[in-house]
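Here is the structure we will look at, set down as structure tokens.
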Amino acid sequence: MVLRLSTLFLRTLREDPVDAEVASHKLLVRAGYIRRAAPGIYTWLPLGLRVLNKVEAIVREEMNAIGGQEVHFPALLPKEPYEATNRWTEYGEGIFRLKDRKGADYLLAPTHEEMFTLLVKDLYNSYKDLPAYLYQIQNKYRDEARPRAGLLRGREFIMKDSYSFDVDDAGLDTAYAKHREAYLRIFARLGLEVLPVLATAGAMGGSRSEEFLHPTDIGEDTFVRSAGGYVANVEAVTTVVPEDIDPAGLPPFEVRDTPDTPTIDTLVEAANRLAPRASGAWTAADTLKNVVLAALLPTGERHLVVIGLPGDRAVDLKRVEANIGAHLPVGGEIGIEAASEEDLRRHPGLVKGYIGPALGTERAVLGAEGSTGITYLVDPRVVSGTSWITGANEHGKHVFGLVAGRDFGWDGTIECVEVREGDPAPDGSGPLETARGIEMGHIFQLGRKYAAALDLKVLDQNGKLVTVTMGSYGIGVTRAVAALAESNHDDRGLVWPRNVAPADVHLMVTGKQAELFAEAERIAAELEARGVEVIFDDRPKVSAGVKFGDAELIGVPTIAVVGRGLADGVVEVKDRASGTAENVPVADVVEYLVSAVRG
RNA sequence: CGGGCUAUGGCGCAGCUUGGUAGCGCGCCUGACUGGGGGUCAGGAGGUCGUGGGUUCGAAUCCCGCUAGCCCGACCA
């Protein structure tokens with residue numbers, strides 16, 4: 001295959017597009033791989049499509065290798081399956097909805113769990129049919145509130161999604177392990193560094209979930225790792241819980257006037273001024289901050305949750321959302337947001353800025369008159385016997401020396417605090433550092449959630465109906481192209497790994513003599529005959545500088561230059577990544593390039 | 001949804017403060033020169049200045065509304 005630049009549908013840009021922020025987006029547009037069609041929606045040009053196809057081919061091969069069978073669903077779907085699992089509602093504004101001429105509701109699929117489940121239900125009904133691994137490589141549509149960074153977060157994107165169907169948990173474990181291995185092979189072949197990190201299964205249920213994160217500063221996901229090898233998504237990190245302390249001998253609590261101290265900073269300042277401590281200055285870590293949140297239940301109800309945590313820590317709403325399910329057993333997804341003024345008005349016992357547990361009871365009650373209908377959860381660091389400065393439920397007053405378990409109680413503990421650099425890893429492997437990454441893939445054990453909701457059952461060996469257990473496994477294919485561009489570029493342009501480059505060799509002619517073009521034509525034809533994919537810059541009136549610039553921008557791994565060296569019988573062969581160049585005798589150049597490509 | 005910014009030819013921008021009928025660079029077309037790092041010269045094509053209204057003799061420019069986009073945050077299998 002030879003792509004001639006004289007006719008290739010391509011226009012490279014000298015300047016960065018103004019709406020692009022990250023390198024991959026700028027370069028993919030500048031080098032003529034993609035064009036923006038609408039916010040978060042991109043058109044693939046010939047070069048981009050070639051890269052995309054190569055990524056897809058690798059994914060396909062590895063999925064087939066573990067017994068995956070490719071299918072293809074429509075992107076345009078009726079709403080009914082999504083109503084059965086409640087996602088027609090749960091997805092909210094996140095999905096593109098439309099109506100047909102009769103007024104029936106349709107959607108552009110944001111994900112296909114329902115359709116896969118129904119397809120298996122449609123065709124299979126015996127344990128003998130299982131396990132089954134089905135996958136597709138297909139467009140997904142999500143009406144993201146804020147698409148960003150080009151291909152990295154689009155509103156239309158391509159995902160490889162697969163689903164495993166098994167009769168029992170052991171089968172699911174096997175399917176999960178196979179997918180995990182396949183994913184590691186896929187990313188290795190793509191030349192994309194990924195870390196499998198522990199993720200929360202969250203409201204999806206299921207016992208196990210890992211994300212494959214590609215570490216990069218422009219990533220949208222924060223994860224933590226320790227020198228000892230612990231890696232986890234921040235939502236999944238667990239706190240190292242201190243030992244309980246025997247409260248015997250601790251002095252009783254004491255209420256003090258602390259005027260104008262509605263924030264932790266002002267409180268710490270006042271505490272050191274009004275009640276200095278012999279053993280050292282009070283710090284924010286000595287205070288117990290009570291943050292009021294509102295949980296949005298699937299029923300539409302709004303339930304208040306107060307979280308007590310050390311004052312030097314901040315609540316991470318994502319972590320709350322991921323872990324709240326255990327404390328509010330309502331089933332379904334629970335949304336979490338900061339409480340509104342209206343929420344506080346409905347609970348006058350909660351005095352803003354001075355909220356604390358009801359004093360002197362071990363029960364989990366809050367506020368001046370004691371709470372009703374509020375769930376009080378605390379950070380795991382708040383163990384029995386710890387002593388705190390916290391709000392006294394009266395404007396301008398705080399209580400000092402309030403001892404957990406002795407003077408106040410709580411409904412439960414929750415992992416909810418923002419993980420900080422330097423916090424200990426839960427497995428004792430050292431202090432955590434935070435890093436950013438792009439989620440390239442996510443695998444999880446769905447269990448029976450969808451099968452139950454859609455009534456997917458098969459007959460087992462005993463002739464009994466059993467609900468099938470499922471796994472779900474995704475790879476962001478278009479996102480992989482963006483991540484590859486992001487991690488493989490320099491200040492001159494893209495530098496594709498060999499396995500995904502749009503071509504094997506970028507052959508160019510510099511000069512105008514007919515012999516140069518004739519020789520380059522010969523080389524191009526021979527390379528084609530040997531199965532090498534060639535981008536051939538045969539443009540007759542383009543200066544050498546432009547050709548070099550375009551070659552480096554486009555980023556094919558090997559660049560061959562037929563030019564002034566030809567008089568000495570050599571062709572220059574450059575390595576795009578290292579920049580090293582070598583003069584190869586004309587007679588050997590085809591063989592040289594073939595082995596470089598297959599190398 | 002909150003905060004900030006922007007909207008002028010295919011792309012990147014100036015012009016707006018102080019109203020007078022649109023300009024620059026890149027790209028594109030023609031020709032000549034040049035020919036290993038985005039070269040030079042000459043001549044061209046291409047714009048209802050996001051949109052609706054208002055002020056004015058006259059609006060890209062001033063005023064009001066709307067829409068869209070970008071960035072940060074919230075949100076997001």
Side-chain angles (χ1 to χ4, degrees), chain A residues 10-22 25-26 29-30 32 35-36 38-41 85 87 90-95 109-114 140-150 152-155 157 159-163 199-206 209 211 220-221 235 296 316-318 321-322 333 335-338 340 439-444 446 449-450 471-476 479 492-493 508-513 516-517 537 539-553 559 561-567 571-572 574 579 581 583:
Chain A
L10 171 74
R11 179 117 302 141
T12 57
L13 304 179
R14 194 174 294 197
E15 288 162 298
D16 287 330
V18 68
D19 58 352
E21 199 68 12
V22 302
H25 185 194
K26 289 176 183 171
V29 173
R30 272 187 59 203
R35 296 291 298 172
R36 195 187 78 115
I41 302 178
T85 54
R87 289 164 105 183
E90 276 176 8
Y91 248 105
E93 291 185 316
I95 50 179
T111 173
H112 281 84
E113 277 85 357
E114 286 83 353
K140 306 292 185 201
Y141 297 86
R142 296 185 193 171
D143 193 3
E144 297 282 350
R146 192 157 79 80
R148 68 176 282 273
L152 229 40
R153 174 169 294 278
R155 296 197 296 171
F157 58 97
M159 179 156 92
K160 186 290 297 177
D161 51 326
S162 42
Y163 304 85
T200 47
M204 299 298 291
S209 171
E211 291 173 316
E220 296 183 279
D221 294 297
E235 288 153 55
L296 311 172
D316 181 334
L317 292 183
K318 280 191 195 173
E321 210 155 82
E333 315 252 351
I336 293 288
E337 61 184 38
S340 64
E439 182 181 356
M440 302 310 311
H442 197 162
I443 56 178
F444 48 96
L446 284 179
K449 171 174 173 168
Y450 289 92
S472 144
Y473 319 88
I475 285 182
R479 183 177 278 183
R492 295 182 166 193
M508 70 167 81
V509 185
T510 61
K512 60 177 175 181
Q513 294 83 357
L516 296 172
F517 281 84
D537 195 344
R539 292 175 293 181
K541 287 187 174 179
V542 173
S543 75
V546 172
K547 289 187 174 180
F548 281 115
D550 279 348
E552 282 152 356
L553 182 59
I559 299 169
V561 187
V562 178
R564 64 184 175 196
L566 196 64
V571 169
E572 187 182 20
K574 297 169 79 164
N583 284 319

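Here is how names work: the chains are called A, B, and so on, in the same order as the sequence lines, proteins then strands, and each is numbered from 1.
Here A:E552 pairs with A:R492 under the salt bridge (Lys or Arg N to Asp or Glu O under 4.0 Å) rule; sequence neighbours left out. Residues forming a salt bridge (Lys or Arg N to Asp or Glu O under 4.0 Å) with A:E572 (at least two apart in sequence, or on another chain): none.
Taking a pair to require two hydrogen-bonding distances under 3.5 Å in either a Watson-Crick or a G-U wobble arrangement, B:C66 pairs with B:G50. The partner of B:G10, taking Watson-Crick or G-U wobble pairs whose two distances both stay under 3.5 Å, is B:C26. Here B:A32 sits opposite B:U40 as a Watson-Crick or G-U wobble pair (both hydrogen-bonding atom distances under 3.5 Å).
At a cut-off of 3.5 Å, with distance as the only test, a side-chain donor of A:D161 or A:Y163 sits close to an acceptor on the other residue.
Heavy-atom distances to RNA chain B give each of A:G40 and A:R479 a nearest nucleotide, and the one nearer the 5′ end belongs to A:G40. Checking A:E439 against A:D550, the closest nucleotide of RNA chain B that is more toward the 5' end is the one next to A:D550.
Separating the CZ atom of A:R30 from the C1' atom of B:G10 is a distance of 16 Å, rounded to the nearest angstrom. Residue A:H442 contributes atom NE2, which lies 13 Å from atom C1' of B:C76 at whole-angstrom precision. Atom-to-atom, CZ of A:R153 to C1' of B:C75 comes out at 10 Å; the value is rounded to the nearest Å.
B:C16 and B:C72 have their P atoms separated by 31 Å, given to the nearest Å. When the P atom is used for both B:G27 and B:U67, the distance is 39 Å, rounded to whole Å. Taking atom P on both B:G31 and B:G38, the two are 24 Å apart, rounded to the nearest angstrom. For B:U61 and B:U56, the P atoms lie 16 Å apart once the distance is rounded to whole Å.
Considering CZ of A:R35 and CD1 of A:I41, their distance stands at 15.5 Å, rounded to 0.5 Å. Here the CZ-CZ distance, from A:R479 to A:R153, works out to 5.5 Å after rounding to the nearest 0.5 Å. One finds the NZ atom of A:K140 at 10.0 Å from the NZ atom of A:K160 (value rounded to the nearest 0.5 Å).
Contact annotation: side chain of A:D16 to base of B:G12, donor-acceptor pair absent below 3.5 Å.
At the heavy-atom level, A:R36 lies under 4.0 Å from the strands shown only through sugar-phosphate atoms.
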A correct 5'-to-3' footprint of nucleotides 25-37 of chain B, with B, S and - meaning base, sugar-phosphate only and no protein heavy atom under 4.0 Å, is BSS-------BBB
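When atom types are taken as modelled, the side chain of A:K574 and the backbone of A:V561 share no donor-acceptor pair closer than 3.5 angstrom.
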